[in-house]
Every structure is written in C-alpha cells, then in structure tokens.
Amino acid sequence: DYRFQPYRTGYHFQPPWHWINDPNGPMIYKGIYHLFYQYNPKGAVWGNIVWAHSTSRDLINWFPHPPTIFPSQKSDVNGCWSGSATILPGEKPVILYTGIDPDKKQVQNIAYPKDLSDPYLKEWVKSDKNPLMAPDNVNNINASSFRDPTTAWQGPDNIWRVAIGSKINDLGFAILYKSKDFLNWVKAKRPLHATRHTGMWECVDFYPVATNSQCGLDTSTLGPNVKHVLKISLDDTKHDYYTIGSYNYTTDKYTPDKGLIDGDAGLKYDYGKFYASKTFFDSAKNRRILWGWINESQSVADDIKKGWAGVQAIPRNIYLDGSGKQLVQWPVSELEQLRSSPPVNVFDKRLEAGELHEVTGVTAAQADVEITFEITDISKAEEYRPRWTHAQWLCNTKNASVRGGLGPFGLRVLASSDSQEYTSVFFRVFKKADNKPVVLMCSDQSRSSLNEDNDKTTYGAFVDVDPIKEKLSLRSLIDHSIVESFGGSGRACITARVYPITAIEDKARLYAFNNATEGVTISTLSAWSMKKAQIS
Ligand code: FRU
C-alpha cells in the first residue's frame, strides 16, 4: 500500500518520492543554504539522474525548487552526476559536475547561476565550452572512471586546483587539474594522491582543518596550524574513508600522516550506512559541515513498493579532534530547535545486570536521545585479545545478546513491547593486559525487523575514549527507519537503516539496557520527542 509509510522520516531530509543518492554542491550564498542531490525524477531506483535542489535558512527546514541541472547539452545528455560548488572571489558561486556524454564517457562541466540577485539561485546556465575536462589516453584514464569534481581551491600562486576521482585497475587516485581562469583546465603530471588496492575513488573531498580550534576553514586556506583531510568514497565497499595529512601546494602532493592507515582498512566517517559525502565551509558560522547519503537496507522490490529510496543524514559539524589523530562529528546545533521541551530525564540511575529500563513519555519513533555512563572500575571488564582488531567482526561475534563483564549496555531503540523487534546501540568495555580500557561501540541490527528481506548487517567501531577519565556518551537520532548514532561525543559514528514491522509509529518503544554480568550507572539520560521538520 502506497499510503502505508511508516519508514518516511520526520526530520531527515528526503523528497516526497523517488530515488535519491549523493548530496551535491552544498554551499551557503547570501545567508541561504543550498543542497543539491542526485535524483531520479521517474522512480525509486537509480537512473535518469538530475540535480534536485532545496534551500534552507537553518539546515533543517527545507524548501524545494525544481531540478537545477538536468541533461540539456551534448556533454551531459546521458546524465548529470555528482559534483561540487566553489564560491569564486566576489561571492560568485559556480558548479563543476560530471556529465555523461553521447558516448557514455564521463566528462567535467561547469554551470553558473543565471541571476545572482535571486537568493535561491533557481536557474543555472551551462557554458558552451563544456566539457572543460575529458578523459585522455595519455594516462590510460578510463572514460568510465573519471568523475565527481571536488570544490576547487586556490593556491598562493592564484592558480585554481580541482581533484577528480579515478582508478587504473585497483589503483585508486585523485587526478589534479589546474586553471588560471576556472575555464581552461590543464591536467597536472602527477595525481594529488594514489593508493593501491582501493579501486575507484568516488566523491573525493579535500579540505583544510585547523589544528588549534574547532572552527572550519575556507577550502583554500593554507599555512601554519592547518592540516588537510582527504576523503574517498570506495565503490568496492560503499564506505567513506579518510586520512589526515599534509598538503604541499608547490609539489601538489598530499601525504597522509604517519600512523594513519590509507585505504579501506583506515578511518571511516561513519561505520554504518553513510556514503558519497561532501563538506562545505559555512562562512556564516565559521564551521565545516558534512553532508552524507544514507542508503537503503531494504530490497529493491521494497523500495519500489514504498515509492522512494535514500535519505540524507543530518548535517554534521566536522573538525579535528584534540589528539590530531581523527575527526569529530556532531549534528549541527540547529537540529535542537526540533526538540520538544522539556526532555524526559534520568539522573544517576544504577542499571543492574540484565536490566531493561523503559524510557516513557517520548515519541520513540521520532526522538533524539543522549545518554552518558559512568564507569569507575574496569576490573570486571573482559580481557581484550590483541587479534580483535576488527570492530565490526567483534560486534558480530559479541552481539547485544552476549553478556560480558562491562557491557553490552546502551540503548534499545525502535523496539516492540514484546521484544520481538529492536535495534541495539551499545558499548562494551574491555581491558588490555596493561589494564588500559578498549571501548567498542556497536549498532546491532540483527533483531531489527521480522522482515527477513532486509540487510541486517551489524556495524562496529572502536571509540578513542578512556571511560575512567571521561563519561562514556552516546547520542542516537531516531527517525522511523534511521538510527544515526554518535559515540564518545562524536568520535565514532554509526548510522543504520531499520524497518520494523510492528515497532512503528506509536508502537515503538525506547529503553536503556544493561546486558552485562555487572551493574553500570547511567549518569544522565535526556530524551526528546522530535517535531517534524519541513523537508519537502
Ligand atoms: C556515488 C556515485 C558517483 C556518481 C553518482 C551517480 O554514489 O556513483 O560516483 O557521480 O553516484 O549518481
């Protein structure tokens, strides 16, 4: 039934119907945020791709406009794929995007706003010089592996640079192009960066982060107290990976910091469903904001039945952690305007071994929940084995039903009152031989739905916190079919899609649980019912 829509979101961005994927060209112009995204105007599966467009004043409530970039030239007749916006000097936004040409080749095109005095920038015009960049045979660039231009950055030499994702066999890399006028682009001799055994790099993102503050930086910022982030979306695994490193604009080389793993064993923005993400610098609030696409865990047949597929994650503020070794992400504070006040609170509550504590008085299918645990003693924690380096494997082996000394404890969300369906987001604390703690965060979807057609993969991440020194925190944004979770104050993120059959709407329940053999203390718990955002 088309009208039966228990999985549509209350506050995560999605259009009224049809397929969406990557966020494209996010930016702020004259105080208005723009979100473009890959969209199929004709159905709930990928195809016929255009750039749909919405604008907002707060990143949470959105107003839709007609698609802005759609096939209209030879250089994009077969599709308008992902790309980025750059704000040129004098407040002039431009978009670079991948067009699919008549030979199905991937080429890079430019589009300009038709009327800069229209704050919504509803109409865009394309250059008749398109395509500006096309695959060549010099480096054997395959015409089907040449896409997704980044936001451009300008060096102190005034020359613009842009990176484009590519691969040769399983060598993934970011091709660099340079231009003086943003129209004539010349390929650099060497790529910005390349990594073996990674395959195609989609939606490359490259930007500076401050080492001494949480403020965001304009994409062209260089200099002291600046590091760079290179993010790659790996087509082979469908995850977004990043390294932090140094960028030398004279050689135009990016080098990841020592100790960080480059490639698909490295750090992920999000250890669950989150792909093809892109950041932009919010000059109004001096922050860098991350958008990401949350793809489906349902079968294609179910997507077609419900008439839509894909949502965008809540935009996240992103900055370098104090350790310098990883990024931290946190939902933009504007989201908090949707919290109904006051929250349901729990303070200083002991959760005994095996206890399930129901949090009542909130709309459990559409909520924002923050919980912190206090741990004073890890002597009862299970011993950590050095070979347990794969967090997702560990979460699968020790899922929410496996009792340990310190954990699993956390939130049971989108749960039915008869415990037939539920998703568990939880921590498990281990101790190493030297008595140092290891914190594992898991999102266990194995019991999330009685519908067996769903992908119920369990996700996991290690969280770099010492729970003796600071409280162990978890925040989950629950939105009908989304559970977007932030562990350790945003040092590990896991997003899941779940589709319960009975635990929907007002039948969904919310609990805090402790399935360990020892008790644990909830220091604080605050749960808010969330109002609906204007999303379509
Ligand atoms: C990533 C991606 C991009 C491409 C777009 C097409 O999800 O495959 O590489 O430009 O989607 O819709």
Side-chain angles (χ1 to χ4, degrees), residues 14-15 18-26 35-53 67-71 75-85 95-101 104-111 130-135 141-151 162-167 172-175 198-206 230-242 264 268-270 272-279 290-297 300 303 308-313 495 497:
Q14 61 173 163
H18 299 331
W19 165 275
I20 74 168
N21 55 296
D22 317 358
N24 289 156
L35 173 66
F36 307 88
Y37 54 95
Q38 297 277 286
Y39 179 61
N40 180 356
K42 294 184 183 156
V45 297
W46 185 88
N48 316 304
I49 292 294
V50 302
W51 281 41
H53 183 203
T68 33
I69 298 182
F70 43 85
S75 60
D76 66 12
V77 69
N78 283 311
C80 297
W81 290 12
S82 286
S84 308
I95 282 171
L96 289 172
Y97 69 98
T98 299
I100 309 300
D101 81 359
K104 299 268 164 81
K105 280 190 181 147
Q106 298 173 6
V107 299
Q108 316 315 322
N109 299 323
I110 196 165
N130 285 340
L132 305 186
M133 298 164 239
I141 297 303
N142 188 316
S144 60
S145 308
F146 181 62
R147 61 181 178 273
D148 310 340
T150 61
T151 293
V162 74
I164 291 156
S166 189
K167 67 161 183 179
F173 53 96
I175 305 172
T198 49
M200 179 62 192
W201 289 9
E202 298 190 312
C203 301
V204 172
D205 198 13
F206 185 61
L230 179 68
K231 185 278 299 186
I232 55 181
S233 300
L234 295 187
D235 199 16
D236 292 351
T237 65
K238 284 277 182 288
H239 287 290
D240 281 9
Y241 301 86
Y242 72 92
D264 69 5
K268 295 179 196 166
Y269 274 169
D270 188 301
K273 293 249 164 194
F274 186 91
Y275 192 64
S277 65
K278 192 178 296 295
T279 62
L290 170 69
W291 275 103
W293 165 44
I294 310 179
N295 38 349
E296 291 293 324
S297 301
V300 174
D303 289 347
W308 59 274
V311 297
Q312 304 292 348
T495 300
R497 290 304 300 280

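Remember, it's 1-based here, ligands and their atoms both numbered in the order they're listed. All of these numbers come straight from a predicted model, not from anything done at the bench. We number each residue from 1, following the sequence as shown.
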Do you see a donor-acceptor pair shorter than 3.5 Å between the side chains of Asp270 and Thr495? yes
Report the nearest protein non-hydrogen atom to atom 3 (C) of ligand 1: residue, atom name, distance rounded to 0.1 Å. Asp148 OD2, 3.3 Å
Ligand 1 to Ser82 polar contact by distance, N or O atoms, under 3.5 Å: yes
Can you name the nearest heavy-atom pair linking Pro135 to Val107, along with the distance? CD-CG1, 4.0 Å
Should Trp293 be counted as touching ligand 1, given the test is an N or O pair under 3.5 Å? no
Shortest non-hydrogen separation from Trp291 to Phe274 and the atoms involved: C-CZ, 4.3 Å
If you compare Thr98, Asp22, Ile100 by their heavy atoms, the one closest to atom 5 (C) of ligand 1 turns out to be Asp22
Around atom 12 (O) of ligand 1, find the nearest protein heavy atom and jot down its residue, atom name and distance. Gln38 OE1, 2.6 Å
Is there a polar contact between ligand 1 and Trp81, counting only N or O atoms under 3.5 Å apart? no
Anything under 30° is parallel, anything over 60° is perpendicular, the rest tilted; go ahead and classify Trp46 against Trp81. perpendicular
Counting only heavy atoms not in Lys104 (residues, nucleotides, ligands), do more than 12 fall under 6.0 Å from its NZ? no
Aromatic plane relationship, Tyr97 with Trp51 - under 30° parallel, 30 to 60° tilted, over 60° perpendicular: perpendicular
Shortest protein heavy-atom distance from atom 8 (O) of ligand 1, along with the residue and atom involved: Glu202 OE2, 2.9 Å
